[in-house]
S.K.: 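Submitted below is the structure of interest, expressed as structure tokens.
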Amino acid sequence: GKPDPKVKWTKADLVLKDDDRIKIDTKPGHSTLVIAKTTRSDTSTYIIEAMNSSGRATATVDVNILGTCFFIA
């Protein structure tokens, strides 16, 4: 958007911030949320909100963590 929007990610009404497991990368035109070492407690509806002087847009993503995958090479 123009001007560049302020972007925030939320889970269960809590604003997510970068930490040891959560990485948020926001660049003009897109934003990515990566959660490392997921557990079942990460199951939730995640909401991204972009807001600027022209308005507000949101999108939701339902995430369901079922278990752990193991890859053997």
Side-chain angles (χ1 to χ4, degrees):
K2 299 281 185 207
D4 287 338
K6 179 180 178 183
V7 174
K8 75 175 177 180
W9 285 90
T10 59
K11 172 191 169 196
D13 297 325
L14 298 172
V15 176
L16 299 175
K17 307 270 188 214
D18 279 347
D19 63 20
D20 58 327
R21 289 191 331 118
I22 296 173
K23 299 297 175 214
I24 299 171
D25 183 26
T26 301
K27 295 186 170 129
H30 72 278
S31 182
T32 304
L33 169 68
V34 176
I35 303 172
K37 299 179 183 173
T38 56
T39 65
R40 287 189 181 198
S41 67
D42 292 314
T43 295
S44 189
T45 298
Y46 292 80
I47 300 170
I48 181 173
E49 178 182 53
M51 203 168 22
N52 66 12
S53 58
S54 296
R56 173 181 174 262
T58 63
T60 61
V61 179
D62 291 321
V63 175
N64 189 10
I65 306 299
L66 300 176
T68 304
C69 291
F70 294 98
F71 295 98
I72 300 172

S.K.: What's the separation between atom CG in Asp25 and atom OG1 in Thr32, rounded to the nearest 0.5 Å?
M.R.: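 Answer for the CG-OG1 pair, Asp25 versus Thr32, is 5.5 Å.
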S.K.: Return yes if some donor-acceptor pair links the side-chain N/O of Arg56 with the main-chain N/O of Glu49 below 3.5 Å, else return no.
M.R.: no
S.K.: If I compare all heavy atoms of Asn52 with all of Pro3, which pair ends up nearest, and what's the gap?
M.R.: ND2-O, 2.6 Å
S.K.: Check whether any side-chain heavy atom of Asp42 sits under 4.5 Å from a side-chain heavy atom of Lys11, and report yes or no.
M.R.: yes
S.K.: So Ser44 and Val63, do their side chains get closer than 4.5 Å, heavy atoms only?
M.R.: no
S.K.: Quick check: do Tyr46 and Ile35 have side-chain heavy atoms less than 4.5 Å from each other?
M.R.: yes
S.K.: So which of Leu33, Ile22, Val15, Ile47 actually passes side chain to side chain contact (heavy atoms under 4.5 Å, CB included) with Trp9?
M.R.: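 Per the side chain to side chain contact (heavy atoms under 4.5 Å, CB included) rule, the option paired with Trp9 is Leu33, out of Leu33, Ile22, Val15, Ile47.
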S.K.: So which heavy atom on Thr45 is nearest to which on Asp62, and how close?
M.R.: OG1-OD1, 2.6 Å
S.K.: Under 6.0 Å from the NZ atom of Lys23, do we count more than 12 heavy atoms belonging to anything else shown?
M.R.: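 It does: Lys23 NZ has more than 12 such atoms within range.
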S.K.: Check step by step if side chain to side chain contact (heavy atoms under 4.5 Å, CB included) holds for Ile48 and Thr58.
M.R.: CA-CA 6 Å; Ile48 181 173; Thr58 63; over 6 Å; no
S.K.: Please examine the side chains of Met51 and Pro5, heavy atoms only from C-beta on, and report whether any two atoms are closer than 4.5 Å.
M.R.: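 Sidechains of Met51 and Pro5: no contact.
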